[in-house]
Amino acid sequence: MFKKINNLSKSAYVALFMLSLYPSKVFSDWDALNMREGVTQVSRDVFELHMLIFYICVAIGAVVFSVMFYSLFRYTKKRNPNPSTFHESTKLEVAWTVVPFLILIAMAVPASKTLTEIYDDEEGEINIQVVGYQWKWEYKYLEDDINFFSNLSTDQDEIYNLVPKGENYLLEVDEPLIIPVDTRVRFLITANDVIHSWWVPDFAIKQDAIPGFINTAWTRAEETGIYRGNCTELCGKNHGFMPVVVKVVEKDEYSDWVLSKKEEAIKLAELTEKEWSLAELTQRGEGVYQKNCVACHQMNGEGLPPIFPALAGSDIVMFDKDRNVEILMEGVQGAAMQSFANQLSEVDMAAVITYTRQAWGNAENGDGEYVVPSDIVEYKKPKI
Amino acid sequence: MSSVIESHHDDHHHGPAKGLMRWLLTTNHKDIGTLYLWFSFAMFLIGGAMAMVIRAELFQPGMQIVEPEFYNQMLTLHGLIMVFGAVMPAFVGLANWLVPMMVGAPDMALPRLNNLSFWLLPFAFGILLSSLFMEGGAPNFGWTFYAPLSTTYAPPSVTFFIFSVHIMGASSIMGSINVIVTIMNMRAPGMDLMKMPLFVWSWLITAYLLIAVMPVLAGAVTMMLMDIHFGTSFFNAAGGGDPVLFQHIFWFFGHPEVYIMILPAFGIVSHIIETFSRKQLFGYSSMVWAMLSIAILSFVVWAHHMFTVGMPLAAELFFMWATMLIAVPTGVKVFNWVATMFKGSITYETPMLFAISFVVLFTIGGFSGLMLSIVPADFQYHDTYFVVAHFHYVLVPGSIFSIMAAVYYWIPKWTGNMYDERMGRLHFWLSFVGVNVTFFPQHWIGLAGMPRRYPDYALQFADWNMVSTAGAFLFGASQILFLFIVLKTVMGGKKATPQVWEGARGLEWSVESPAPYHTFSTPPKVN
């Protein structure tokens, strides 16, 4: 056989050999090539299951491929000019139907057991609703009435290679989900617009967030730390830019955090009462815009028509304040624009609308009217 | 039968018409087969170019070459074009060329339908590709087009996408009817079902799968169309609809679809291994039964694509067990191929090299498939690069290698010329290295946590993405060599004998090389 292989094929062999050497020298961190064991009982069970099936597959592969490669080298035309004529054997065929079947049962038993554990639907000590949005996550602590959004915090300049990338590039958020250690936490997962999927590898949780459905998952993290994951269902253009970050803290620290979040809410209410100047609102609004709006409407307000319309020069943004507020509060039915009523505080809502009505020459070309927090409070009051 | 043939005696001696009209109006199975094969090759290059855009963007972390919205269009079109434009038409092309010759029939049973089913395809893909130039861009929701991303949140071009899928579906259904009618009615006397060549068997089963599931796909896209334009809410939760329903319907089509793309490969590889081992295929009847069981099981495993949608425990367990069961008939096929080679008398021409690497690499894809069927582990694998590695292992060194093997194996029969063996082997080795360097590391980056359909990724995945991109460009470039080899063979080369390969058996090897324009006008005798 080897004589038949020409020079070009030989160089292919050499290339293959060189390639097999290359990784072991350059990439030292082989651990990073396998599934993570994680920090929960379930995640360790899943990891063991994964390794078990992997080794079974390797063993089967070793047997099958060694018979095959033995045949390929031993029974070449040169070494075995006269082929055998056998072409069936009922015994053999029954054997290689039944044996794999038994191996499969050996795999199915532990897999079914672990799955049943994961599907335990009991309520948690803490219950958190996780809502997927294009392209961020909302966390609602059902017992404590805490509610916030978690946005990617990686700088656009890092993404566009203008500045060096940080250590947790694309795996960092402005406000992580915080849960206490050694506590049963149940997640109620849903979505607001399209389907997303909430994945935390270290908990072995991956559940689709589907509009109109509430899926459940639970965990009991055994170690404090920061655990990073991703959205794993294609959800539009920024699918790759809505990470999941969970911070597991000691129980005391968690109680302190809950208190501080409640104080924060009181401060925010005071802020709504305050008299705001146009300059203050515009300045605050720019920050809100950068965090919530640029992904679609772009920094220059030009949007990405026709799906994400331009705000610069838009009739609604220049002349129709009421409709402007309505769109942000209700979203646009049948389009990508979602309701921001629950995502932004009254102050931020007023600020961002004011900013868009001031920026990009909209104030000069339009009516220049702006919105204050009390307008939003007014809008939210039930109408008779 | 024979009296009918004799009354058209004049037809036998005229050759093909000249010029463009030959190809537009042809009802000859060989011409239509050629058209299908060239069409699929063109689509393979276009879909491949899109894969190069994807891999180039992923060469390094950060956004360099395209914007995320264009990236999503590329991955959507890449998937759609490779599945519906490259792999499926290539198998239909092979069926057109080979099924009539293998069963000893003069042509396909429904020649005009045959012409129509091919000529629908350029229009379907013309419409699909034209969406790239439409306002809002091409479809950007992945080849699985999950609602509501593909309905409420889709770009306007989605309507053209729906129309194009309808046309492709119509084409596939016509092609399948033709294959079934040909095989059922036009076999030479003496060719019982259990004497049929395995490629014919594999296509008979594939054609039934296509007829069963293509209408389901058509139903899914029609429901999308209604949701988008006529105010229904099949998949819109806000209107009382159900986004998960879409996935059930899609995968009820989609899982048999993946076997549609692999069953004909099983047939091809069986023939090639048998020929170059110079030994009769081991376990012919168990091969047929294995394919039948795989086809039947394919209808009851669809929800293994949906383990994370939140199905009840009972459903998860059922779909896990059913999926694992597929390993049994698939294993039987692999064991039979190995047993065929055992104590054979093997030579390593290019088709055999592709066929052997098919067995090895498809089996690796099968192993990762088995791993994916384990639901708790799937919670970690699902929608990561592990899945990307899995389905590319079964589709590229699986389906596509089998198609390349088939081209090298039968091209002497089609053109009358031998291909250049040295260049064929070079093409094989470059493709083999390229495919493994591209897709093997993707298992690792998937396990380490990189989700699929991401235009950008965290820094720990950088090294292996770079390797993967290098492999992809090697694989891509070596297909230009393939094009060159095929063109060279069409234009000339060493003349082929009728039998072509020493170990070749079957009716197609009993006619001249190149096969005359009309073959088996009188049915051959089959022992």
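Chain letters run A, B, ... following the sequence lines, proteins first, then strands; residues in each count from 1.
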In terms of heavy-atom pairs under 4.5 Å with chain B, the winner among A:I105, A:V46, A:L115 is A:L115
Whether A:K206 engages the ring of A:W198 as a cation-pi pair (distance to the six-membered ring centre under 6.0 angstrom, angle to the ring normal within 45°) should be assessed.
no
Between B:D456 and chain A, which part of the residue has a heavy atom less than 4.5 Å away: side chain, backbone, both or neither?
both
One option among B:M450, B:E67, B:M306, B:Q73 has the most heavy-atom pairs under 4.5 Å with chain A, and it is B:E67
Check for a donor-acceptor pair, side chain of A:K237 on one end and backbone N or O of B:P68 on the other, with a separation under 3.5 Å.
no
Let me know if B:A290 has heavy atoms under 4.5 Å from chain A in its side chain, its backbone, both or neither.
neither
Can you see which heavy atom on B:V158 is nearest to which on B:S150, and at what distance?
CG2-O, 3.4 Å
Side chain, backbone, both or neither: which part of B:P155 has an atom under 4.5 Å from a heavy atom of chain A?
both
A:F65, part contacting chain B, at a heavy-atom distance under 4.5 Å
side chain
Carboxylate-amine/guanidinium proximity below 4.0 Å for B:R278 and B:E502
yes
Distance to the ring centre below 6.0 angstrom and angle to the axis at most 45 degrees; does that hold for A:K77 and B:F276?
no
Please flag which part of B:S277 lies under 4.5 Å from any non-hydrogen atom of chain A: side chain, backbone, both or neither.
backbone
Using non-hydrogen atoms only, which part of B:Q60 is less than 4.5 Å away from chain A: side chain, backbone, both, or neither?
neither
All heavy atoms of A:F47 vs all of A:E37, minimum pair found to be CD2-CG, 3.4 Å
Using non-hydrogen atoms and a 4.5 Å limit, figure out which bit of A:F69 sits close to chain B: side chain, backbone, both or neither.
side chain
At a heavy-atom separation under 4.5 Å, does A:Q207 approach chain B through its side chain, its backbone, both, or neither?
both
Give, as side chain, backbone, both or neither, the part of B:F70 having an atom under 4.5 angstrom from any heavy atom of chain A.
neither
Which portion of B:M371 sits near chain A, non-hydrogen atoms under 4.5 angstrom
both
Residue among A:C231, A:P110, A:G61, A:G229 with most heavy-atom pairs under 4.5 Å to chain B
A:C231
Which bit of B:N436 comes within less than 4.5 Å of chain A, counting heavy atoms only: side chain, backbone, both or neither?
neither
Toward chain A, the part of B:Q460 with a non-hydrogen atom under 4.5 Å
side chain
Any idea which of A:T90, A:I205, A:D193 has the most non-hydrogen atom pairs under 4.5 angstrom with chain B?
A:D193
Residue A:N161 versus chain B: region with a heavy atom under 4.5 Å:
side chain
Check whether A:R79 reaches the backbone of A:F73 with its side chain - one donor and one acceptor, N or O, closer than 3.5 Å.
yes
For B:W464 versus B:I445, what's the shortest heavy-atom pair and its separation?
CB-CG2, 3.7 Å
Under 4.5 Å from a heavy atom of chain A, the part of B:P312 involved:
backbone
Select, from A:L170, A:I118, A:T114, the one with the greatest count of heavy-atom pairs under 4.5 Å involving chain B.
A:L170
Can you tell me which portion of B:I228 sits under 4.5 Å from chain A's heavy atoms? Options are side chain, backbone, both or neither.
neither
Is A:E48 paired with A:R44 through a side-chain N to carboxylate O contact shorter than 4.0 Å?
no
Which one, A:G236, A:G212, A:P100, leads in non-hydrogen pairs under 4.5 Å with chain B?
A:G236
Interface residue of largest heavy-atom contact number with chain B, from A:T116, A:T85, A:N168, A:N238, under 4.5 Å
A:T116
Using a cut-off of 6.0 Å, state whether more than 12 heavy atoms not belonging to B:W289 lie near its atom CH2.
no
A:I195 and B:Q247: CA distance, side-chain angles, deciding distance, side chain to side chain contact (heavy atoms under 4.5 Å, CB included) verdict:
CA-CA 11 Å; A:I195 301 175; B:Q247 297 183 29; 3.3 Å; yes
Of the backbone (N, CA, C, O) and the side chain (C-beta and beyond), which part of A:Q134 lies under 4.5 Å from a heavy atom of chain B, both, or neither?
side chain
For a quick test of reading the model, state the closest non-hydrogen atom pair linking B:M311 to A:Y119 and the distance between them.
O-OH, 2.6 Å
Return yes if some donor-acceptor pair links the side-chain N/O of B:Y381 with the main-chain N/O of B:L447 below 3.5 Å, else return no.
no
On a heavy-atom basis, the closest approach of A:V64 and B:F335 is CG2-CE2, 3.5 Å
Would you mind checking which part of B:L281 comes under 4.5 Å of any heavy atom in chain A, side chain (CB onward), backbone (N, CA, C, O), both or neither?
backbone
What part of B:Y146 is in contact with chain A, defined as an atom under 4.5 angstrom from a non-hydrogen atom: side chain, backbone, both or neither?
side chain
